[in-house]
Each structure stands twice: as C-alpha cells, then as structure tokens.
There are 2 protein chains.
Amino acid sequence: MPDVTIAEVASHAGVSPSTVSYVLNGNPKISDHTRERVRASIKALNYRPHAGARALRSGRTDVVALAIPMYEWTNERVVMPFVYGVVEAARRHGWNVMLLTDAEHGAEIDQVVRSKMVDGVVLMEVREDDERVAALSGLEARAVTLGMPLQGSSMPYVDFDFEACGRASVDYLVELGHTQIGLLAAPSGVFNRKLGYAQRLWQGVSERLRELGLDFHGCPMEPTMDGVLDALDGLYKKVPGLTAVVVHNEGSLDTLLQALKQRDKDVPSDLSVLAVCQRDLALRVSPVLTCMDVPAVEMGRGAVELLHAREPTSYLVAPVLVPGASTGPPRSRGRVREALTTRRADKPVGPVRAT
Amino acid sequence: MPDVTIAEVASHAGVSPSTVSYVLNGNPKISDHTRERVRASIKALNYRPHAGARALRSGRTDVVALAIPMYEWTNERVVMPFVYGVVEAARRHGWNVMLLTDAEHGAEIDQVVRSKMVDGVVLMEVREDDERVAALSGLEARAVTLGMPLQGSSMPYVDFDFEACGRASVDYLVELGHTQIGLLAAPSGVFNRKLGYAQRLWQGVSERLRELGLDFHGCPMEPTMDGVLDALDGLYKKVPGLTAVVVHNEGSLDTLLQALKQRDKDVPSDLSVLAVCQRDLALRVSPVLTCMDVPAVEMGRGAVELLHAREPTSYLVAPVLVPGASTGPPRSRGRVREALTTRRADKPVGPVRAT
DNA sequence: GAACACCATCGAAGCCCTTCGACACCGACG
DNA sequence: CGTCGGTGTCGAAGGGCTTCGATGGTGTTC
C-alpha cells in the first residue's frame, strides 16, 4: 500500500490540492457539494495527511508533552489518574501525548519543544526551584503545571486547594465533636522535595485548629509499617486523648489501618480517620475511609483545557468531602459543646459535600 | 528568540547547509576541522533541527508509540514498570515515546502510524483476537508486542515464560517437601479477556503437578477481601491438607496475607506462599514474599531493543526465584520422601536463583 | 445589458531539511 | 607535465502540506 498524498486525493476528487487541504482544515468557504466529494475520496483512498509535512508548514503538531519526573518514590497509583485525565482530554481535542520522564533537568523538554515536536507542555510535580519551569519560560510553547509552582511564576496551573482542604478537614471533624485532632502528614521526603502541597495542607490544618483555639500536632509519616507505627505512637504520646486524625499520605492508608488494628484502636469509635486522597484509594481499603477527594482525573483534564484556553487562568480545585465509614463522633463527648461554641462564633465553614 | 534554521547555522560556520546536515547525521566524509566548526556554530546559535522537516524529508521521526489499553481494571503498579523500561530504553536510542491509551480498537494506532508520526509501536496487553495487531499488520511501521500474542502472528514479542514459571514454582515447592499445592490465579476477568498469560501459568502449574503424580487445584481470585476469602476457603475445602499456594494475582497480595491472618494461618508454617509477580511488589508486603520475579523493566527495555534490532526475534524471559520469608518446609513431613522420589525420577528441573 | 460584488476554487510559493550527483582540489603516478 | 583517483564540500531538487492572493463564474443592481 503506497502512501497516498494530498495530490492524489485531489485528482481523485477532481479538485486541486488546496481544496482538499481546506476540507481537511475545516475552511468554511468550501461548498457542501465539494466537501462531500473530497471526503469520499479521502475515505476511498484511505488518506492520512503526513504529520511532518503538516507540522513543517503550519507550525502546529497537535501533540502535547506530558512531563512526569519519575522518581523511585513516585506512587503510580497516585500519578496515573492525572495521566488518564490528561490523555483523555488531549484525545478529545485531537491531540496526541508525548511522554517525558526525565527527572529534574529540562533537557528533554527543551529538545522536544525547540525541535517543534509539541505545541504545549503539561508539567507534573513541579518543585519550588524547578529547572523545567525556567527552561520553558524562554520557549514559545504553551505550558501549564499540574500543581502550583511555589514561586510567582507566570505559568498557569491547576492544583488542589490543599490549604482549604486542611481547614475543611478540621471543620468537619470539629463539627462531629472532635477536639483532639492530629495530622499524619506526607513522608518527610515530600517536604524536603519542596513540592509545596504537603506544606499547604499542614498549614491549613494547623491554622484552622489554632483559630478554633485547639492544639495542633502533626507528624510526617514514612510509608512502611514501622514508619506508620512510629508516627502513630508519637502522636498518641503527644496527644493521649486523640480522637481523630487527618491523613495525608496515599501510600500508607492500608498500613495505617493495619497499624491501628495492631494497637487495638477501633475505627471510627476509638479514632476517626479522615484521609486526603483520591476517592478511589479511600474506597479500596476497609473500612472505607471518609476522604477529602483529590479529583485527579478532572485536574488532568483541566490542565489540558488550560493549554487549550485562549487566556489560561490558574485555578485551585475545591475539596469535596466523600463520607465513608471511618469517621464518627468521638466516644467521650465531654468538650463538644465548648468546641462547637468556639466554632459557631467563627464564620460558617465546611466543605462541599459530594452528591 | 527567533527560530534558527540550518541555513543560519551554515552561514555562521561558513559552510553550506548540506554540510551542516551531514554533521548532524554523522556523515563520515566531513573533515574533523569542519565538523568542529559546525558543532561550535550549532552550540553558539542553540540550534535544533525542525522535527517536522526532518521527518518529511527523511521519513523517520525517532518517535515510538507505546500502546497501553487502559481499562478500569488495569493495575497501575503492574503496568508502570513496563512503561519505565520502554521509556528508558527509548531514550537511550534517542527516541521519544508517544503514549496511546485507546482501549481495544486500533484507530489511534492507525492514525499515528499512517500519518508517519512514529517509526514503531510497542503494544501492551495484546489479546488473542486483538484488533490492533490486525490493524498494524497492513502498515509498514515496526511493531513489537509486550506479551505473547496467542495466534501465530508474525509480530515479534517479548514475554515472561509463564508456563516455565508455573512448572518451576511447583518444583520449588515440591523440593521444600510440599505435596498439597494449590493455585490462586488471576481474577476471572483476566481469563475471559484472553490475555493468555493467566492460562499459561495455570497450565504450567497443573501439568507439572500431574507429571509429579500430584493433584492440582486452582481457583481464580477476585481482588477484594471477599474474593480472596472465597478463593482461599474454596481451596481449603477441596484440599484440606493444603500446605502451599502459588499466587498469580498482583492486586491481592496484601489482601491475601490479611485473609490468612484472619483465618489463623501462619505464613509460612501453616501455608507457604509463592507469588508470581514483580520483585518490588513481593518486597512491599509483610512477610516479604518469596516470588518468581517478572522483570517488567527489563522486558520493557527488551521490547524497545527488539524494535531497534535488525532482525527482531521473539523471546521468553525465564523465571527467576527470589527467596523471601513466605515459604518453607511443610509442618508435617509425612509424604515428603515419596514426593521427592517421584520428582527425582523425572528430569532435574528448577528455576534459576536470583543472585 | 453593463457594472459590480461575492463566492468557491485554484496556483504557486515556501516551510526546513536530506541526499544525490557534481565539482573543485590535491597528491600520486607514469 | 598530463592524467587519474580520492577526498571533502556544495547546489539543487524535492518531500507533502498550508495559505495568500488571484481568477473565473454566478447573481444582483441600476
């Protein structure tokens, strides 16, 4: 099967190559009659425009790059939904996705953008001092980050509102009657990597607790049984009357529940557990966790839409509470009223509920 | 920063564009002197050849497609290492990777190949009657499958030798003294999808057991606690004296260990567990599982090497046993001698050991 | 019926690169 | 000194497509 060119289609349809091109590109000046004939010829000859030639002439490739630095610690379960979202939305726009996985340095991105292989780039896991952001800023490709770059970079982003999420988590638990609330945070490595989101959640939780006149105790948690037990025991030591925790650590949900069993803590009657994670992950453990859903697929889609948008504007996705079986009122309700009073004095807050 | 073309590089270096091109493409006829000067100009002007133009002229794009159908049931933890392998090897050859995720139908592949966006394709998760294999067979791009297509397709493949793995698993357990061995297989959906590998392992295990004069009992297992308990209870009902299982179900390793705890079975003293899975997954649970390592990253690399090879030849990767803490001799050694005798009568077999 | 406007289609230029054959130069050989 | 072979560089063609400005044909208006 020899490769068929636009010229062959044109002569088959009895028109000029330019007319075929106009049909392909949706130029409205072509009459319906001609358009149909050309379409028929395209189908008959099974023609596909040559991507290289098209890119050469038009300067567009309809390919976007997705840059995911892959570290050993990257959690596939967490990352993949973002990828799904990106790929799906890209496809909807007729774009293909080029996968870049170079950790850290921007050489790969540079190559792909400057050789005009892609029209745009979606960056994942941007760090505070990300080389890739700098590398891209000089280039003319569109770029969007999935995750908020810390510095005042001008690059548009989509991210989850981790700070609001932290505050809403506190409010939810306080509303249930909890006053002794702890935070089991991301592994310390995540904090060190300056990805930002771990801090933002921490801040939201701690600030809101302080506003409500409650104590804050948080602890990074490594994703191993030992790490989880350490964090848990540490928290109980600091807050012996602990009745609720916020967990921001997708890799340890399972382990945490096992650890609690091992320590003879019933969920939720001894300890309410509120997870900050994708809904899916919360559903896959037992008991099903109440969670603040991080809508990864939607965010992936959002990033692509931003790439497509005429005037891209960054935005944060609001947390949505998905009720599960891991939260409830604390067993001893001694100080409930007091806490609630404090809260009511404040402006009314609380997450949107999932429908 | 305006885009710099080959002509500008040429005039900067005081040579003709063709000379620059020859330097770029490693033509040996260019003198060292000239080559160096051109290289210097390229660096000075920060030049990158236009991928589209190059593709148009040369017919090559240095891009390979990676086609992973993504179903809801796709296990990211299992798939991603293959992707790593592919991406890494591609990069080593200076290729980029285009990610295709259309489940089932080959339209996406067809588009990408026929429009000459990619030079080759790596297909993952091929099914017996895979539309994509058919779609590709007419096209001129190179293609390789990661996983053995069942029918006598001429497409080269890399796959794990699941049958040999099944046999080696049996041999390993028998050598430890087990005679009552069961198989906890992939979820039934995997069998129905005709992916082949689930059957091949099943066959290896059952055939080898029969050869050794032992009974075979296997059971597909769904990746939920209930599914695991069902499978486990079913197996114990059929084989009350069960002392060892082979597990071929990456999604349920954790759940299985919990289920065993729930049933008061100690691993390995009550039940030896031998997993068929990637080494990583076996290491992440407690106790660490003895496993037949499926070297996903290497296989991903292998697929790309095949794409690159002058004369690609399909091959199967031999299973490697990675000892863990989940296997040991059975508690009651009543029938051990008998079983060993049967075995010794046969040709000596056994997996390669990991170093 | 002539002048005009408008619409659908066409021709040709050019995007940037690779590659083939031509060519200029040099040293060697008879 | 004329010829030959080899080496290193160049010129030009052309790959398939898009897009601008030109063109011809139709319908409308005075």
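The sequence lines fix the lettering, A, B, ..., with proteins before strands; numbering per chain opens at 1. In what follows, every heavy atom counts, from backbone to side chain, and hydrogens, waters and symmetry copies are set aside.
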Length of the [atom1]-[atom2] vector between [X] and [N], whole Å:
X        : N      : atom1 : atom2 : result
B:Tyr47  : C:dC16 : OH    : P     : 10 Å
A:Ile6   : C:dC10 : CD1   : P     : 12 Å
A:Lys116 : C:dC16 : NZ    : C1'   : 12 Å
B:Glu8   : C:dC16 : CD    : C1'   : 11 Å
B:Asp62  : C:dC17 : CG    : P     : 15 Å
A:Asn27  : C:dT9  : CG    : C1'   : 10 Å
A:Asp32  : C:dC7  : CG    : P     : 14 Å
A:Arg35  : C:dC10 : CZ    : P     : 14 Å

Can [X] and [Y] be counted as an ion pair, charged N to O under 4.0 angstrom?
X        : Y        : result
A:Arg92  : A:Glu88  : yes
A:Lys116 : B:Asp3   : yes
B:Arg91  : A:Glu108 : yes
A:Arg48  : B:Asp110 : yes

Check for a donor-acceptor pair, side chain of [X] on one end and backbone N or O of [Y] on the other, with a separation under 3.5 Å.
X        : Y       : value
B:Asp119 : B:Thr61 : yes
B:His93  : B:Trp95 : no
A:Asn25  : A:Ser21 : yes
B:Thr74  : B:Met70 : no

Hey, does the side chain of A:Arg54 come within less than 4.0 Å of D:dG16's phosphate (OP1/OP2), counting only N and O? no

Distances under 3.5 Å between nitrogen or oxygen atoms of protein and nucleotides 19-27 of chain C:
residue: C:dC20; atom: N4; partner: B:Tyr22; partner atom: OH; Å: 2.1

Considering every strand and a 4.0 Å limit on heavy-atom distances, what is the contact class for B:Leu56: base, sugar-phosphate, or nothing? base

To 10°, what angle do the rotation axes through the five end pairs on each side of the helix from C:dG1-D:dC30 to C:dG30-D:dC1 form? 60°

Between A:Leu136, A:Leu66, A:Ile68, A:Leu100, which is the residue that forms a side chain to side chain contact (heavy atoms under 4.5 Å, CB included) with A:Leu123? A:Leu136

Among the candidates D:dG16, C:dC17, C:dT9, find the nucleotide nearest to the side-chain atoms of B:His50. C:dC17

Identify, between B:Val15 and B:Ala53, the residue whose nearest nucleotide on DNA chain D lies closer to the 5' end. B:Val15

